[in-house]
Amino acid sequence: MTRVRNFVTEAGPWPMGLAVMTFWLMVWSVLRAPIADYGIHVSVAERLIAGDRLYEEVWDNKDPLYFLSLAGARAITPLGDWFLGIGTLFATGLSVYCLARAAGTSRSFSVLVGWVVAPVIVIALIDPTAGISPAAPAAFAAIAFAVLKRPLLSGLVLSVVPFFQIALFPVALTAVVVVIWFGGRDWWRGGLGLGLGVLCVLTLLTLRQELLPYLNSLLLNVGYAQSGGIGGTRTLSSRIALFRNPAVQLSAVSSILALGIVRLLPVEKNIKSARSDNGGIWWAAAWCIPAVALVLLVMGKWPGHAKLLMIPGVMAVVAVASSVSRDPRLSRSASVVSLLLLGILVAALPSPVPFVTSLEYARAAINQSKDASSQAKAIAKTGSPTTYARVGQGEDPGHAIGLREWDLACPRITQYWWESSEILQMTSECIATSDVVLVTDDLYGPVSSPTWEAFQNEVENVLAEDFLCDREPGFRVCTKVT
């Protein structure tokens with residue numbers, strides 16, 4: 001208790017008060033209801049709890065540790081993914097706080113950066129409804145260990161990042177390499193830690209018989225990232241589309257200006273060493289900006305991919321905080337206000353509406369996360385647990401919640417209009433082997449193509465020949481006629 005009291009006293013009442021209020025507000029944004037893409041993720045997690053193998057018996061293109069952690073949390077309690085989200089938010093704040101302290105920032109400013117500014121940037125940037133990935137705290141923790149001259153630990157923590165969010169790995173790796181190089185430390189220790197960590201994860205996937213399916217999923221993701229739709233490839237115009245997004249531009253420019261201000265501010269001799277000794281954070285942030293641009297050019301397709309800017313954005317704020325917190329010429333109140341405004345700019349001026357909405361519908365989200373969906377109830381009404389398949393795009397209310405006793409007949413629980421005819425044909429052929437088929441109305445979305453229309457016709461032919469369908473609001477449940 002004495003340590004806690006001393007910590008709060010040194011940090012100051014205002015930073016601690018802001019930290020508590022920000023954390024309380026951000027918590028509601030990570031407590032997500034299983035709808036749309038996140039509903040698919042929850043359904044995949046439910047299938048893993050039921051015993052299916054990832055990428056082999058149930059498939060989605062997200063990375064393995066993301067699904068395994070989600071499944072592990074939900075196996076403990078139906079609200080486990082919420083506790084996972086809260087823990088991830090807490091770990092993000094703690095990682096950035098430690099990063100700021102390692103860079104020489106005072107405790108009060110480290111609290112502001114770690115527990116106020118960083119959560120806002122990580123969650124609110126570009127898409128505040130996307131939640132927070134465990135890759136974020138892992139990336140910041142790896143950078144913090146590198147600044148603290150612990151390259152082995154840095155490499156170990158960094159090794160889990162690609163298995164949570166592979167797109168974030170090149171950016172986090174850039175930051176860690178720059179920090180280690182800046183400090184002239186033993187780079188091989190970092191490489192050893194990274195190699196050992198990757199080996200451990202690959203061993204886990206091998207024991208679960210998911211390694212080869214995972215590698216095949218990576219190849220599919222490469223093809224998806226380079227495709228421009230059915231039968232096409234991505235053009236230069238489509239690759240730079242994300243850079244035209246005003247939020248992306250504002251966040252990137254704000255980070256660049258923040259780094260520029262740190263360098264351009266006049267430095268007195270008595271604080272020159274303190275200002276420059278931030279563990280290479282400035283250089284790491286500067287190098288991460290072109291790293292993000294390169295990753296988005298190669299892999300970026302959706303606005304949410306631009307969340308990668310959180311890495312240079314948070315580090316730019318840390319660099320500013322490290323400088324202003326130790327400069328006696330600057331007013332403390334003005335420095336605090338400037339730091340908070342910088343965080344809002346890096347977060348691209350987020351609207352408060354999504355956060356208020358998440359708070360307003362918190363109770364409904366709780367019920368939806370733990371109760372069986374209407375789709376699962378309709379499937380259960382067809383009889384004893386047997387095999388089922390799902391046909392439809394990404395509008396999923398967590399259909400697999402309540403279906404752990406059922407067997408999934410077809411690994412792909414989502415199909416999309418841009419997928420190839422070979423992939424779609426696997427599903428159209430597979431559903432004939434299932435006893436129950438769930439067909440969601442978003443199968444007939446506003447966007448189509450000849451390949452997608454052919455898939456729709458194949459599905460309807462199979463259903464007309466072998467199944468009897470009952471209509472429910474938003475979906476059909478079709479039972480095989482024996």
Side-chain angles (χ1 to χ4, degrees), residues 36-37 61-63 121-131 133 135-136 139 161-162 164-175 177-178 217-260 283-317 342-351 354 393-394 416-420 445-449 451-452:
D37 285 350
N61 67 345
K62 296 294 182 182
D63 298 294
I121 294 176
V122 172
I123 293 178
L125 180 61
I126 309 299
D127 183 7
T129 64
S133 168
V161 173
F164 275 115
Q165 187 179 356
I166 193 169
L168 190 64
F169 177 68
V171 183
L173 177 64
T174 299
V177 168
V178 170
S217 177
L218 285 180
L219 294 177
L220 291 175
N221 282 340
V222 170
Y224 165 69
Q226 304 310 312
S227 69
I230 294 178
T233 56
R234 295 186 66 190
T235 62
L236 178 60
S237 177
S238 66
R239 290 183 184 276
I240 65 175
L242 284 178
F243 299 95
R244 301 192 189 103
N245 187 317
V248 174
Q249 295 173 351
L250 177 58
S251 179
V253 170
S254 299
S255 299
I256 294 172
L257 289 178
L259 294 174
W283 286 105
W287 275 100
C288 278
I289 293 174
V292 170
L294 181 60
V295 172
L296 292 181
L297 281 173
V298 175
M299 304 173 59
K301 297 190 72 169
W302 306 107
H305 293 161
K307 270 186 174 288
L308 301 180
L309 284 167
M310 67 181 176
I311 298 294
V314 168
M315 287 195 296
V317 175
L342 174 61
I344 293 174
L345 289 174
V346 173
L349 300 175
S351 168
Q393 299 195 67
Y416 296 100
W417 67 268
W418 61 75
E419 291 179 322
S420 67
V447 181
S448 188
S449 70
T451 302
W452 184 246

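This chain uses plain numbering: 1 for the first residue, then up along the sequence. Since the model is a prediction, treat every value here as computed from it, not as a measurement.
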Original post:
Can you tell me how far CD1 of Ile121 sits from CE of Met315, rounded to the nearest 0.5 angstrom?
Top reply: 11.5 Å

Original post:
Which atom pair, heavy atoms only, marks the closest approach of Ala348 to Ala247?
Top reply: CB-O, 3.5 Å

Original post:
What distance separates Trp417 CH2 from Thr451 OG1, expressed to the nearest 0.5 Å?
Top reply: 10.5 Å

Going by atom type alone, with no hydrogens or angles, which donor-acceptor pairs under 3.5 Å involve a side-chain atom of residues 303-311 and a protein atom two or more places apart or on another chain?
residue : atom : partner : partner atom : Å
His305  : ND1  : Lys301  : N            : 2.9
His305  : ND1  : Trp302  : N            : 3.2
Lys307  : NZ   : Val122  : O            : 2.9
Lys307  : NZ   : Ile123  : O            : 2.8
Lys307  : NZ   : Leu125  : O            : 3.0
Lys307  : NZ   : Asp127  : O            : 3.4

Original post:
Between Phe243 and Gln249, which heavy-atom pair has the shortest distance, and what is it?
Top reply: O-NE2, 2.8 Å

Original post:
Rounded to the nearest 0.5 Å, how far does CG of Asn221 lie from CD1 of Ile166?
Top reply: 8.0 Å

**OP:** Grab the two heavy atoms, one from Val161 and one from Ala135, that are nearest each other, plus how far apart they are.
**Re:** CG2-O, 4.1 Å

Original post:
If only atom types and distance count, is the side chain of Ser251 paired as donor or acceptor with the main-chain N or O of Val346 below 3.5 Å?
Top reply: yes

Subject >> Interatomic distance, Phe169 atom CZ to Asp63 atom CG [nearest 0.5 angstrom] >> reply: 12.0 Å

Original post:
If you take all heavy atoms of Ala175 and Ala284, which pair is closest and at what distance?
Top reply: O-CB, 3.8 Å

Original post:
Distance from Cys288 atom SG to Leu294 atom CG, nearest 0.5 Å?
Top reply: 12.0 Å

Original post:
How about Val292 and Pro312: do any of their side-chain heavy atoms sit closer than 4.5 Å?
Top reply: yes

**OP:** Rounded to the nearest 0.5 Å, what's the gap from CG on Leu259 to CH2 on Trp283? Could you check?
**Re:** 10.5 Å

Subject >> Minimum heavy-atom distance Ala316-Ala285, with the two atoms named >> reply: N-CB, 4.0 Å

Subject >> Minimum-distance pair of heavy atoms, taken over all atoms of Ala291 and Thr174 >> reply: CB-OG1, 3.7 Å

